[in-house]
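Reviewing the structure listed below.
Just follow the structure's listing: the first ligand is 1, and inside any ligand the first atom is 1. None of these values were measured; they are calculated from a predicted model.
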Amino acid sequence: MVPSPGLPDDMLDRTFYILTFGCQMNDNDSNWLARALESRGFRRVSSDNADEAAVRILNTCSVRDKPEQKVYSEIGRIAHRCKVLGQEDVVVAVGGCVAQQVGDELFRRFPIVRLVFGTDGISRAPEAIERIVENPSLKMSCLDFSDDYVERPDAIDRAPAASFVNIMQGCDNFCAYCIVPFVRGRQRSREAGQILDECRKLIDKGAREITLLGQNVNSYGLDGAGHPGFAKLLRQVASLPGLLRLRFVTSHPKDIAPEVVRAFGELENLCPRLHLPLQSGSDKILKSMGRHYTVGQYRETIRELRKARPDIIFTTDMIVGFPGETEDDFLQSMDMMREVGFAASFSFVYSDRPGARAVDFPFKIPRETGLERLSRLQAWQIQASTSILNEMIGKHEVVLIEEPGQREDPAGEAWQGRTGHGHTVHVTLPPGARSNWAGKMLPVRIIGASKHSLKGRQEGEPW
Ligand code: SAH
Ligand code: SF4
Ligand code: F3S
């Protein structure tokens, strides 16, 4: 390898960088992989030094064609750079959902790739990386799915103030457009005891907020005997001493049980914000997507949740341009967005995914039509989100401080965190106490709003 100015010589072959695409599950997986490699003596480099790392890991997403293509262009870029610089011994490892989807074919397409690991196979990636680094002619793949939830040994020194805990792997829903069940495998719930142990450990190491993660957390436990069910698990986690805030993602509207709805009114630390993907506001399209709820049922769920917790806010995912979506179907989606008044939404143009049923559906929508609908939907969302944030100016909030802010702040130290409703708030805090702010609950007055976040001023003592 070409020596890099910033890195001592003896570290060169054990530095790594992970580029993560996709959802919070991938983020969580990458964070685990980084800790696992560090515990084997590897050293993570910052994004500025990514192109100098001896091991370059891509944890990939395959949910739409665009993120998949991004992966290929990034591998191509790395291969080209390594060739030009003569960095022949760089280890490129591709993991996650694209790796699971494409498998060993990646070795043929990109000879620079030395390791391919899937979404379950990630548990074996640290050992595989170590072997490959030590043996320059070795290539390996870890692509098998496991029948059970795969526990991964973890050594956490310090937990982020807002931490994430996996409660299940995979998904059994097979929505007509979705590749996730193919690349993450069937649903496997994690033992409640393991979940609670990890939560306790994180709280002990500084976490004050926990988000429970899964593709469809509401169906937690339904895949096997011996699991408590999601509502019960939620109560068990909520009652852990020291946990100030609890969230969960993602919920499938068809599975949200009445006990989970009630929990929003009963559990004080359960935050009043719920991500509830609607996908479409047309019953015809929902049926063809295989979502198993109607707009009326979704509306009723929202009504019940508001009854249980009047200040709850909602966010959602929407797909436009699904096969067969007429202008009228799309307008029904817009109507539903307005009716619920989502605080934020992630919206996408439908994309064909290999293996998903919708690939073979007739009446595909031209890309330009999809893009045009997407821009109308997003224009509405921007103005709706902005007005929700603007209405918060003058209000008193408690912000859980998570990390230093990205912007330089001449008036003090820039920090950021979130309110219970999940709004990001930037604050300027007195300099000199930087290490003390992460994890603090800070009372603030909201004094400004921009497109995606709020500005706050400290008003009271943190705890
Ligand atoms: N498990 C979650 C979301 C998984 S994927 C759920 O059920 O809601 C995240 C989002 O990507 C989905 O909610 C959907 O809006 C979008 N998505 C998934 N497959 C897609 C596809 N083929 N084309 C466009 N958007 C898609
Ligand atoms: Fe995909 Fe549907 Fe499963 Fe979500 S619930 S991951 S959209 S198949
Ligand atoms: Fe993408 Fe895989 Fe998540 S496909 S959205 S990284 S589960």
Side-chain angles (χ1 to χ4, degrees), residues 18-30 58-68 70-71 94-102 117-120 122 164 166-188 213-220 222-223 248-256 274-281 285-286 288-293 298 314-323 325 333 337 342 344-361 364-365 367 370-371 373-374 377:
I18 309 182
L19 180 60
T20 307
F21 302 82
C23 63
Q24 282 153 320
M25 262 150 277
N26 261 17
D27 275 336
N28 205 38
D29 287 349
S30 291
L58 282 74
N59 194 8
T60 64
C61 171
S62 175
V63 77
R64 285 170 297 278
D65 186 55
K66 207 162 144 190
E68 182 184 344
K70 269 197 212 161
V71 171
V94 184
C97 296
V98 175
Q100 192 72 58
Q101 176 201 337
V102 180
F117 60 90
T119 49
D120 281 6
I122 189 172
F164 294 83
N166 244 357
I167 66 165
M168 63 213 294
Q169 283 156 347
C171 178
D172 281 349
N173 283 312
F174 293 95
C175 299
Y177 48 81
C178 189
I179 198 169
V180 170
F182 303 98
V183 291
R184 290 259 165 189
R186 303 307 297 265
Q187 174 174 318
R188 286 143 299 156
L213 283 182
Q215 289 297 350
N216 177 9
V217 292
N218 296 115
S219 68
Y220 169 81
L222 300 182
D223 48 301
F248 56 87
V249 74
T250 298
S251 286
H252 193 305
K254 79 176 163 59
D255 290 324
I256 188 155
L274 181 66
H275 186 63
L276 198 61
L278 170 65
Q279 312 296 2
S280 168
I285 297 295
L286 286 175
S288 149
M289 286 176 165
R291 293 287 288 175
H292 302 289
Y293 54 84
Y298 187 95
F314 298 99
T315 61
T316 201
D317 290 350
M318 297 297 285
I319 296 177
V320 299
F322 188 76
E325 185 191 69
S333 290
M337 304 273 301
F342 293 109
S345 61
F346 299 99
S347 47
F348 316 96
V349 177
Y350 166 77
S351 161
D352 266 344
R353 303 311 291 135
R357 276 179 292 129
V359 171
D360 299 322
F361 286 5
K364 291 278 164 65
I365 306 302
R367 179 131 188 101
L371 286 169
R373 288 179 186 165
L374 187 72
L377 191 149

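For atom 6 (C) of ligand 1, the nearest protein heavy atom (residue, atom name, distance) is Thr250 CG2, 3.8 Å. For atom 8 (S) of ligand 2, the closest non-hydrogen atom of the protein is Cys175 N, 3.3 Å. Protein heavy atom in closest approach to atom 3 (Fe) of ligand 2: Cys171 SG, 2.3 Å. Nearest to atom 4 (Fe) of ligand 2 among the protein's heavy atoms is Gln215 O, 4.4 Å. Distance from atom 6 (S) of ligand 3 to its nearest protein heavy atom, with residue and atom name: Asn26 ND2, 3.3 Å. Scanning all protein heavy atoms for the shortest distance to atom 13 (O) of ligand 1 gives Asp317 OD2, 2.6 Å. When only non-hydrogen protein atoms are considered, atom 14 (C) of ligand 1 lies nearest to Gln279 OE1, 3.5 Å. Protein heavy atom nearest atom 2 (Fe) of ligand 3, with residue, atom name and distance: Cys97 SG, 2.2 Å.
Shown in contact with His252 at under 4.0 Å from a heavy atom are these atoms of ligand 2, numbered in order with element: 5 (S). Atoms of ligand 2 found under 4.0 Å from any heavy atom of Arg291 (numbered from 1 in listed order, with element): 2 (Fe), 7 (S). The ligand atoms of ligand 3 that sit less than 4.0 angstrom from a heavy atom of Gln215 are 7 (S). Residue Tyr177 has at least one heavy-atom neighbour below 4.0 Å for each of these atoms of ligand 2: 7 (S). Atoms of ligand 3 lying under 4.0 Å from any heavy atom of Cys61, numbered from 1 in the order shown and given with element: 1 (Fe), 4 (S), 5 (S), 6 (S). Residue Tyr350 approaches ligand 1 through these ligand atoms, each under 4.0 Å from one of its heavy atoms: 23 (N), 24 (C). The ligand atoms of ligand 1 that sit less than 4.0 angstrom from a heavy atom of Arg291 are 7 (O). Against a heavy-atom cut-off of under 4.0 Å, Pro181 is close to the following atoms of ligand 2: 8 (S). Residue contact check: Cys178 has heavy atoms under 4.0 Å from atoms 1 (Fe), 6 (S), 7 (S), 8 (S) of ligand 2. Short contacts between ligand 1 and Pro277, defined as distances under 4.0 Å to a heavy atom of the residue, involve ligand atoms 8 (O). Remark: ligand 1 atoms within the under-4.0 Å shell around heavy atoms of Tyr177 are 18 (C), 19 (N), 20 (C), 21 (C), 22 (N).
With respect to the salt-bridge test (charged N to carboxylate O, under 4.0 angstrom), the residues Arg184 and Asp29 qualify.
Within the structure, the closest approach of Asn216 to ligand 1 does not fall below 4.0 Å when heavy atoms are considered. Val349 counts as a contact of ligand 1, since one of its heavy atoms falls under 4.0 Å from the ligand. Look at Gly96 and you'll find every heavy atom at least 4.0 Å from all atoms of ligand 3. Using a 4.0 Å cutoff on heavy atoms, Arg184 counts as a contact of ligand 3.
Contacts between Val63 and ligand 3 below 4.0 angstrom, taking non-hydrogen atoms only, involve backbone and side chain alike. The part of Val180 lying near ligand 2 is the side chain, judged by heavy-atom distances below 4.0 Å. Both the backbone and the side chain of Val63 come within contact range of ligand 1, each with a heavy atom under 4.0 Å. Residue-level proximity to ligand 3 for Cys23 is carried by backbone and side chain together, each with a heavy atom below 4.0 angstrom.
Summarising the local packing, CZ of Phe346 is surrounded by 12 or fewer heavy atoms from other residues, nucleotides or ligands at distances under 6.0 Å.
Not one N or O on the side chain of Arg291 forms a donor-acceptor pair closer than 3.5 Å with the backbone of Pro253. Looking only at distances, a side-chain donor or acceptor of Arg188 sits under 3.5 Å from a matching main-chain atom of Arg186. For the pair Asp255 (side chain) and Asn218 (backbone), a donor-acceptor distance under 3.5 Å is absent. Of the possible polar contacts, one joining the Gln187 side chain to the Ser219 backbone as a donor-acceptor pair under 3.5 Å is found. Judged purely by atom type and a 3.5 angstrom limit, Lys364 uses its side chain to pair as donor or acceptor with the backbone of Val359. Within the 3.5 Å criterion, the main-chain N or O of Val98 finds no donor-acceptor partner in the side chain of Ser62. Side-chain atoms of Thr315 do not come within 3.5 Å of backbone N or O of Ser345 as any donor-acceptor pair.
Polar contact check, Arg64 against ligand 1: a nitrogen or oxygen pair lies under 3.5 Å apart. The N/O atoms of His252, backbone and side chain alike, include none that comes under 3.5 Å of an N/O atom in ligand 1. At least one N or O atom of Ser351, backbone or side chain, sits closer than 3.5 Å to an N or O atom of ligand 1. Checking only distances, Gln215 does come within under 3.5 Å of ligand 1, N or O to N or O. Geometrically, ligand 1 and Arg353 share no nitrogen or oxygen pair separated by less than 3.5 Å.
Of the candidates Asn218, Val183, Asn173, the one placing a heavy atom closest to atom 5 (S) of ligand 2 is Asn173.
Taken to the nearest 0.5 Å, the CZ atom of Phe322 stands 5.0 Å off from the CE atom of Met289. Atoms CG and NE2, on Asn173 and His292 in that order, are 7.0 Å from each other to the nearest 0.5 Å. The CD atom of Gln101 sits 8.5 Å away from the OG1 atom of Thr60 when rounded to the nearest 0.5 Å. The distance from atom CG of Asn216 to atom SG of Cys171, rounded to the nearest 0.5 Å, is 6.0 Å. Taking CZ of Arg64 as the reference point, atom OH of Tyr177 lies at 10.5 Å (rounded to 0.5 Å). A distance of 10.0 Å separates CE of Met25 from CZ of Phe164, quoted to the nearest 0.5 Å.
For the 3.5 Å distance criterion, the side chains of Asp317 and His275 qualify, holding a donor opposite an acceptor.
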Check against side chain to side chain contact (heavy atoms under 4.5 Å, CB included), Tyr350 and Ile365 | CA-CA 9 Å; Tyr350 166 77; Ile365 306 302; over 6 Å; no
Mind running side chain to side chain contact (heavy atoms under 4.5 Å, CB included) on Asp223 and Met168 for me, showing each step along the way?
-> CA-CA 10 Å; Asp223 48 301; Met168 63 213 294; 5.6 Å; no
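Ring geometry, Tyr293 versus Tyr298: the interplanar angle falls from 30° to 60°, so the pair is classed tilted.
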